[in-house]
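What you see is a predicted model; the values in this text were computed from it and never measured. Letters go in sequence order (proteins before strands), and every chain restarts at 1.
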Amino acid sequence: MADPRFIRVRDVAKTYVAGATEVEAVARVAFDVAEGQFVSILGPSGCGKSTLLMMCAGLEPASDGTIEIAGRPVVGPRREFGLIFQDATLLPWKSSLENVLFPIRMMKRDPAQYRERAEALLGQVGLGDFLHKRPSELSGGMRQRVAICRALIHDPELLMMDEPFSALDAITRDEMNEALARIWETQRKTGLFVTHSIREAVFLADRVLVMSGRPSTIALDFQVRFARPRDPALVETPEFAKICAMLKRTIEAGYARSGRSAA
Amino acid sequence: MTDIGLAALAEDPAESRRRARIARARKAKLASLFKHVVLPVLTALAVLLLWEAAVDFNNIPKVILPAPSDIAERIWSIRNLLYANAISTTTEAVAGFAIATTLGIVLAASLVYSSWLRAALYPNIVFFQLIPKIALAPLFIVWLGIGAESRLTFAVFISFFPVVIATITGLTNVPGDMLRLCRGLTASNWQIFWAVRFPYALPHVFSGMKIAITFAIIGVVVGEFITANKGLGYLIMFASSMAETTTILAAIAVLCAIGLTLFGFVTLAEKLVLKAYGHKAA
């Protein structure tokens, strides 16, 4: 039975003290995420969406409010979380396979027992022939695919992704979205995906949370009802375009409210 | 060369173009070898020849400036004396370097991990960097006497700072997301140090070590100057008191050779380690 409130974010806020002034990055955000749901957090750069994700991951304390995941308040990082960052952050001296097994070593488990899973994951993202290559021998997209496998190796319950494809070119980015969607079908985790790409947010997610400009709140909670598995051609359909346009207007309105131009 | 040309005629054009490309690349490699290896060596030889000729031509007395050939002769005639003193200098420099490197890395790691220790020590270390440490050398004789302890301690003392500073820079140079990933996996500081921080720091550690090895030699030679008990530095001082300029230059030539060799070893270790760790060579 899937928990409808696997993630419970309650009135979470984040303020930074900068000199004599307080900067409010995130203001009273509240939402729930059901187990197994893939949620995109969409917003313009600098709207505090990454901060929100880091608070969920336990890597950044919240100034106010509570976050509960799997029924327990988040007070620090947990091993049931898988993390993917903007840069692949692979160890340059390790092969793809060793990089994928890195979390296993950090958790002091036996890498030999996970080797098969690591090879299978790398195979699934099309890196079956690159197991023993070092990051410098891989393209940017390949490196980020290794990072996806690394985040999944210990079978986490929750995958948190902080703009994982924003450093990639547009063509690679589409490929990565398809690769992530494909691996998602087989691994079905709860997912939090932070992005500033509307297309990406809609294509991947069951639900899109639109964050407004600073101090950010959730401006819109939108259910994406396209059937899974999703075909790459989905992005060319009129319905897809309509949703994207609507989300774009919401973001712009959010900007207008916070008194900034939507340049 | 001609038979390659003949073979190319018989082959298809793509193959002959390939061969031409390979030949061009080989030629470029040779040209680069000439430019970066042969040319500097030829320049050095030319300077030595000029020196030799100038001394001969102007009848400069040996006590002022002996010719390179005189120095070479002297190196051969006092080879046993040079050897014994060179061994002493080399051993102490290597020992000083090894101790400085170990201490430097350990101190750098402690400073990176303890914010209190860092606050207490780091500004003072930087301040100490600025002191002309050679001025402190006589104090070591007061404290430790005129034996090897004094020279070794002084060598460690001056070669240790570059290692500390470089290692701290390296250890704090790890991408923030990499550390966030490790913290997310609830890895211990000890694990993060060995699996991530230290390997990331290696290029910096080696650049510190390359400075340290030259400083260690300087430290030992300065130590030998003032402890006046053994080593090439002592030999130089001794020869200077007898106005034996040729012996001074012979000892200096040996010191240069030792310096080059030790620096070469550190550079070689750097190349091998950085290659193994996938870093681009500095």
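For B/F193, the CZ atom counts as densely surrounded, since its 6.0 Å shell holds more than 12 non-hydrogen atoms of other residues, nucleotides or ligands. Atom CG of A/D110 has more than 12 neighbouring heavy atoms from other residues, nucleotides or ligands inside a 6.0 Å radius. In the displayed structure, B/K133 atom NZ is contacted under 6.0 Å by more than 12 heavy atoms of other residues, nucleotides or ligands.
Annotation: residues 167-188 of chain B contacts chain A through B/D177, B/M178, B/R180, B/L181, B/C182, B/R183, B/G184, B/L185, B/T186, B/A187 [non-hydrogen atoms, separation under 4.5 Å]. Residues from residues 93-122 of chain B never place a non-hydrogen atom less than 4.5 Å from a non-hydrogen atom of chain A. For a heavy-atom cut-off of 4.5 Å, chain B lies close to A/F85, A/Q86, A/T89, A/L90, A/L91, A/P92, A/W93, A/F102, A/P103 in residues 85-103 of chain A.
Only the side chain of A/M54 comes within contact range of chain B, with heavy atoms under 4.5 Å apart.
The residue among A/K108, A/R78, A/E80 with the most heavy atom pairs within less than 4.5 Å of chain B is A/K108.
Partners of A/S40 according to the side chain to side chain donor-acceptor pair (under 3.5 Å) rule, which considers only residues two or more places apart in sequence or in another chain, do not exist here.
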